[in-house]
Amino acid sequence: MCSNFQPIKNHHANWVKQHFNCDLPNAEWRSEAYPTYPVPFVYLENGQPRCELAQFGLVPHWATDKKKFGLKTYNARSETVHEKPSYRNAWKERRFGFVLAESFYEPNWETGKAVRWRIKRADSEPAAIASIWERFIDKETGEIIFSFSMLTINATGHEVMKHFHKPEDEKRSVVVLSESEYQPWLHANQDEAKSMLNLAPSGFLMSEAASLAKSGDNQSTLFI
């Protein structure tokens with residue numbers, strides 16, 4: 001499970017352009033993200049990759065409290081994503097995209113208490129995390145609501161992800177795609193998408209103990 005991560009920053013703008021032929025948003029987002037925060041997200045629009053700010057935590061069109069709904073839908077279990085009311089329409093409509101992260105955080109309980117650890121790609125490249133998304137116009141406010149959930153899979157035995165969460169809890173992981181999977185994921189059908197929901201191969205991810213965010217880390221930063 002993942003509820004906190006570092007979104008991609010502007011120094012990786014060329015990386016985004018190289019891999020998706022699109023630009024990072026000319027907008028504000030925070031240096032650390034939690035559920036309901038807007039962050040850069042890649043999806044298809046008219047068959048072409050596009051990167052815009054989307055809210056972390058998927059909001060279906062029927063949600064009554066659209067501002068807070070994402071607090072409980074930021075991760076979607078891959079085993080049940082096709083049947084859960086909050087996610088099944090996005091899955092059915094093949095709304096596959098990914099959030100771009102420099103790293104993400106999980107609690108390590110191996111000392112007997114929660115210690116914050118950072119997980120990132122071993123080569124320090126941005127991580128493209130497999131996600132589903134929804135986008136609609138709120139009939140009451142006229143606001144465009146664009147939101148997403150990270151897909152998660154069982155991580156029992158994985159060399160990195162097995163170390164996180166309480167001992168009695170199931171080990172889960174987000175799906176970090178490789179460069180060769182970016183375009184296939186965006187264009188996948190449901191069966192193809194399922195086949196791509198895999199744990200990261202050996203040596204692809206690394207982890208390290210991380211300090212808590214400083215008071216200024218969650219302030220809005222302008223990336224242009």
Side-chain angles (χ1 to χ4, degrees), residues 1-7 32-35 39 56-58 70-88 90-92 94-133 148-182 184-186 188-212:
M1 306 294 281
C2 176
S3 62
N4 175 213
F5 64 96
Q6 283 186 313
E32 285 206 15
Y34 293 87
V39 296
F56 183 28
L58 189 143
L71 292 172
K72 56 186 178 181
T73 55
Y74 50 88
N75 291 162
R77 293 176 64 92
S78 61
E79 298 88 344
T80 57
V81 65
H82 65 285
E83 62 186 15
K84 292 295 184 180
S86 296
Y87 310 121
R88 62 191 180 195
W91 183 263
K92 178 182 177 181
R94 301 164 50 192
R95 297 194 185 105
F96 304 133
F98 30 74
V99 61
L100 303 177
E102 305 216 338
S103 63
F104 58 97
Y105 298 98
E106 297 288 6
N108 184 314
W109 283 83
E110 293 175 337
T111 63
K113 60 181 180 180
V115 178
R116 190 181 194 230
W117 275 58
R118 176 187 296 109
I119 303 99
K120 60 182 181 179
R121 282 182 49 162
D123 60 6
S124 296
E125 292 290 283
I129 300 174
S131 306
I132 54 173
W133 58 273
F148 71 94
S149 292
M150 297 176 178
L151 290 160
T152 69
I153 56 178
N154 181 276
T156 301
H158 186 262
E159 61 182 8
V160 173
M161 301 308 297
K162 69 180 181 181
H163 296 287
F164 306 113
H165 301 289
K166 294 181 179 180
E168 66 272 19
D169 291 345
E170 180 190 2
K171 307 305 179 184
R172 303 289 297 180
S173 176
V174 296
V175 177
V176 181
L177 299 170
S178 65
E179 282 82 352
S180 64
E181 296 174 309
Y182 294 165
W185 174 256
L186 289 173
N189 60 36
Q190 292 88 348
D191 289 337
E192 291 167 340
K194 286 182 179 179
S195 72
M196 298 172 67
L197 296 176
N198 302 309
L199 293 170
S202 179
F204 192 68
L205 298 178
M206 63 164 289
S207 61
E208 59 189 2
S211 61
L212 291 174

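What you see below is based on every heavy atom in this structure, not just the backbone, and it leaves out hydrogens, waters and symmetry mates.
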Could you tell me the separation between the [atom1] atom of [X] and the [atom2] atom of [Y], rounded to the nearest 0.5 Å?
X    : Y    : atom1 : atom2 : value
L151 : R172 : CG    : CZ    : 10.0 Å
H165 : E170 : NE2   : CD    : 9.5 Å
F104 : M150 : CZ    : CE    : 8.0 Å
E181 : E192 : CD    : CD    : 12.5 Å
Y34  : Y105 : OH    : OH    : 8.0 Å
N189 : K194 : CG    : NZ    : 10.5 Å

Has the side chain of [X] got a donor or acceptor atom that lies under 3.5 Å from a matching backbone atom of [Y]?
X    : Y    : result
S78  : I153 : no
N108 : V115 : no
K171 : G157 : no
Y87  : N75  : yes
N4   : A33  : yes

For E83, all residues meeting side-chain contact (heavy atoms from CB on, under 4.5 Å), sequence neighbours excluded: T80
Start with the C-alpha distance between W91 and F96, add both sets of side-chain angles, then the distance that settles ring-ring contact (aromatic ring centres under 6.0 Å, His included), and finish with yes or no. CA-CA 8 Å; W91 183 263; F96 304 133; 5.1 Å; yes
Got [X] and [Y] here, is their nearest side-chain heavy-atom distance under 4.5 Å?
X    : Y    : value
R94  : Q190 : yes
P184 : M196 : yes
I132 : R95  : no

Which residue is it: V175, V99, V174? I am looking for the one with a side chain to side chain contact (heavy atoms under 4.5 Å, CB included) to S131. V99
For E102, run the side chain to side chain contact (heavy atoms under 4.5 Å, CB included) check against R118, R121, Q6 and tell me which one passes. Q6
Please tabulate, for side-chain N and O atoms in residues 197-207, each donor-acceptor pair with protein atoms closer than 3.5 Å (sequence neighbours left out).
from, atom 1, to, atom 2, distance (Å)
N198, ND2, S195, O, 2.9
S202, OG, E159, OE1, 3.2

Identify the heavy atoms of [X] and [Y] that sit nearest to each other, and give their distance.
X   : Y    : value
P35 : Y74  : CG-CD2, 3.3 Å
L58 : S149 : CB-OG, 3.0 Å
G97 : W185 : O-NE1, 2.9 Å

Under the side chain to side chain contact (heavy atoms under 4.5 Å, CB included) rule, what do I129 and F5 come out as? Steps first, then yes or no, please. CA-CA 11 Å; I129 300 174; F5 64 96; 5.7 Å; no
Can you label the angle between the Y182 ring and the F98 ring as parallel, tilted or perpendicular, going by 30° and 60°? tilted
Measure up the F56 and F148 rings against each other and bin them: parallel (under 30°), tilted (30 to 60°), perpendicular (over 60°). parallel
